[in-house]
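Every chain is numbered from 1 and lettered A, B, ... according to where its sequence line falls, protein lines coming before strand lines. Remember, predicted model here, so these are calculated numbers, not experimental data.
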There are 2 protein chains.
Amino acid sequence: MTDTERARSTKGERTRRRIIDAAGALFARSGYRAVSLRDIAARAGLTHAGVLHHFPDKEATLLHVLRRRDEIDALPVLGPGIGHRELIDHLVRIVDRNSRTPGAVALYVHLSAEATDPAHPAHPYFLDRYRSLRALLVPAFAALLDGRPDPSPETAARQFIALQDGLQVQWLLDPDAVDMRAAVVAFLRSLGIAAPDRHPPDAPAPTTGTAPTPDERSV
Amino acid sequence: MTDTERARSTKGERTRRRIIDAAGALFARSGYRAVSLRDIAARAGLTHAGVLHHFPDKEATLLHVLRRRDEIDALPVLGPGIGHRELIDHLVRIVDRNSRTPGAVALYVHLSAEATDPAHPAHPYFLDRYRSLRALLVPAFAALLDGRPDPSPETAARQFIALQDGLQVQWLLDPDAVDMRAAVVAFLRSLGIAAPDRHPPDAPAPTTGTAPTPDERSV
DNA sequence: ATCAGAACCTACCAGGTGGTCACTTTGTGA
DNA sequence: TCACAAAGTGACCACCTGGTAGGTTCTGAT
């Protein structure tokens, strides 16, 4: 069976990837329910039966799209051991990058709204996503807000996440009118938390920041 | 033709209302695209052909639902002449009431996400909605933030709206875990704006709540 | 060069979609 | 009371949905 596996790891893997890329792009445009297997198949250059050869059903397609996006942003890569400032800086940098990748943003806006329905296949995913994001943010805010009790770290974390989700909707509706980064940075300043510099990656800035990962997403 | 009109204003009007009520409830559960005319018809006690006798097509149904919701919240009723404090108080009160009416919240969460797509029938509606909400909020924040320049009134308005939209998603995913009012009030406090009292309307007792207004929605 | 298994397609299924049409039933103003 | 418009129906349309069955073509390790 080792031969089998090696064989599968060539062409099959490649079209499998084309399929989830296509699915991701389409889910971003219109959400999960409004996209058909034939739409996905057409964009990937197959028949819808071809898609179902690689994935058991439509739902599996969605789950793979989400899994792949998680690999791309690799938020967990930061791990719980990361410094609080680094975490916030990293998240602000993600906001920045999102402003250049409407696709990823649209995907999450559509899916998080749909997934509100407990019967939606992505419902557990988003429950877990928000839970673990909060678990990451609460200690960070606890440290950065130290002393001041007013917004509790829990509240600050929830506000921070909510702010970004809400900004994304307004931004998608009218991209030129909304500066997501500015709004997020202003929020942090209101809490007495300094904002990271404008464009740490690239040439002149003080910090060297991380390498140019392909693209990132919504938080 | 006056006779005709008077006749129409009785039974027709009544089932017309039943239809948009049914449509509103279903759109709230699952969004616009996932709900069929037959679903709406069944809930309203008709055939789907009957629904299409009253509305030219499915889209008209959605537009009427939105128009009706606007009448209910009657945000414009406040008018531009309202006091700044009164406006903020009113909005916070709406947040409060939303916490008791998941249907209205879910309607807007679903639709605002779907309407991100420029081809969606509600796209112009939401563009206008955010625009006019901002037009109402910017002067209010300009006054209440007076002096302090840090969050510009424009930014504060955008944050305020985004915060609520984002909170609604988290709240729908896990209603018991999220206190939308607390998060909004804390945000205002961070800007140095006092929060309105807990339950201004009605008796001082913690329970009993407000009068049984049908329901209200999201801001 | 072979040949097993992966990749993929055509054809089909039952069921759902928005919308139309010709028709019957019901309500109501005169 | 009556006539006529409004309300509502059932049958139908073409089309799309996710999923299956059975077959053909391709691929790549031997």
Side-chain angles (χ1 to χ4, degrees), chain A residues 1-24 26-27 29-65 110-111 114 117 119-122, chain B residues 1-23 26-27 29-65 110 114 117 119-122:
Chain A
M1 287 283 179
T2 20
D3 1 329
T4 296
E5 277 175 37
R6 216 172 312 142
R8 184 194 305 155
S9 74
T10 50
K11 187 169 192 227
E13 285 288 311
R14 237 176 330 132
T15 71
R16 239 205 210 53
R17 248 191 62 122
R18 262 170 35 230
I19 290 171
I20 72 182
D21 283 350
L26 294 173
F27 293 161
R29 279 214 208 331
S30 323
Y32 171 69
R33 294 194 155 127
V35 169
S36 75
L37 283 173
R38 281 161 178 91
D39 294 336
I40 298 169
R43 188 177 235 261
L46 281 87
T47 305
H48 89 287
V51 170
L52 288 170
H53 170 75
H54 291 279
F55 299 92
D57 51 19
K58 192 191 173 192
E59 187 175 322
T61 280
L62 171 61
L63 266 20
H64 276 82
V65 166
H110 275 116
L111 292 185
E114 277 186 358
D117 179 350
H120 195 280
Chain B
M1 287 283 179
T2 21
D3 1 330
T4 295
E5 278 175 37
R6 216 171 313 141
R8 185 192 305 154
S9 74
T10 48
K11 188 173 191 222
E13 284 289 310
R14 235 175 333 131
T15 71
R16 239 204 208 55
R17 247 191 62 122
R18 260 169 37 229
I19 291 171
I20 72 182
D21 283 351
L26 293 173
F27 293 161
R29 278 213 208 334
S30 325
Y32 171 68
R33 295 193 156 126
V35 169
S36 76
L37 283 173
R38 281 162 179 89
D39 294 337
I40 298 170
R43 188 177 237 261
L46 283 86
T47 305
H48 88 287
V51 171
L52 288 170
H53 170 75
H54 291 279
F55 299 92
D57 51 19
K58 191 189 171 191
E59 186 175 323
T61 280
L62 170 61
L63 266 21
H64 276 81
V65 166
H110 276 119
E114 278 185 359
D117 178 350
H120 195 280

(request) Using a 4.0 Å heavy-atom cut-off across all strands, classify A:L52 as base, sugar-phosphate, or nothing. (result) base
(message) Tell me which residues in residues 54-61 of chain A lie within less than 4.0 Å of DNA chain D, going by non-hydrogen atoms.
(response) A:D57, A:K58
(message) Taking only side-chain N and O atoms of B:T15, does any of them lie within less than 4.0 angstrom of OP1 or OP2 on D:dA7?
(response) no
(request) Say whether, by atom type as modelled, one donor and one acceptor occur between the side chain of A:E114 and the main chain of A:G31 under 3.5 angstrom. (result) no
(request) Quickly work out the B:K11 NZ to D:dC4 P distance and round it to whole Å. (result) 21 Å
(message) Rounded to whole Å, please give me the gap between CD in A:E13 and P in D:dT27.
(response) 16 Å
(message) Rounded to whole Å, please give me the gap between CZ in B:R33 and C1' in C:dG16.
(response) 17 Å
(request) Drop me the distance from B:L52's CG to B:D57's CG, to the nearest 0.5 angstrom. (result) 8.0 Å
(message) Nearest 0.5 angstrom please: A:I19 CD1 to A:R14 CZ, how far?
(response) 12.5 Å
(message) Looking at B:D39 and B:R29, is any side-chain nitrogen of the basic one under 4.0 Å from a carboxylate oxygen of the acidic one?
(response) no
(message) It should be established whether A:S36 places a side-chain nitrogen or oxygen under 4.0 Å from OP1 or OP2 of nucleotide D:dT17.
(response) yes
(request) Please check the phosphate of C:dT28 (OP1 and OP2 only) for any side-chain N or O of B:T10 closer than 4.0 Å. (result) yes
(request) Would you indicate whether the side-chain heavy atoms of B:H54 and B:I20 approach each other to under 4.5 Å? (result) no
(request) Please evaluate the base of C:dG16 for a donor-acceptor partner in the side chain of B:R38 within a cut-off of under 3.5 Å? (result) no
(request) Provide, to the nearest angstrom, the distance between the CD1 atom belonging to B:I40 and the C1' atom belonging to C:dT17. (result) 12 Å
(message) Please report the distance, rounded to the nearest Å, between CG in A:D39 and P in D:dC15.
(response) 17 Å
(message) Looking at every heavy atom in both A:S30 and B:R33, which two are closest together, and how far apart are they?
(response) O-NH1, 4.4 Å
(message) Output the rounded distance in Å from CG (B:L46) to P (C:dT25).
(response) 17 Å
(message) Contact between B:F27 and B:I40 at the side-chain level, heavy atoms closer than 4.5 Å - yes or no?
(response) yes
(message) It should be established whether B:H53 places a side-chain nitrogen or oxygen under 4.0 Å from OP1 or OP2 of nucleotide D:dA7.
(response) yes
(message) Using whole Å, what does the distance between atom P of nucleotide D:dG18 and atom CG of A:L26 come to?
(response) 12 Å
(request) Mind checking A:V35 for me? I need base, sugar-phosphate or nothing, with any heavy atom below 4.0 Å counting as a touch. (result) sugar-phosphate
(request) Check every atom of D:dG8, C:dG18, D:dG10 against the side chain of B:L37 and return the nucleotide holding the closest atom. (result) C:dG18
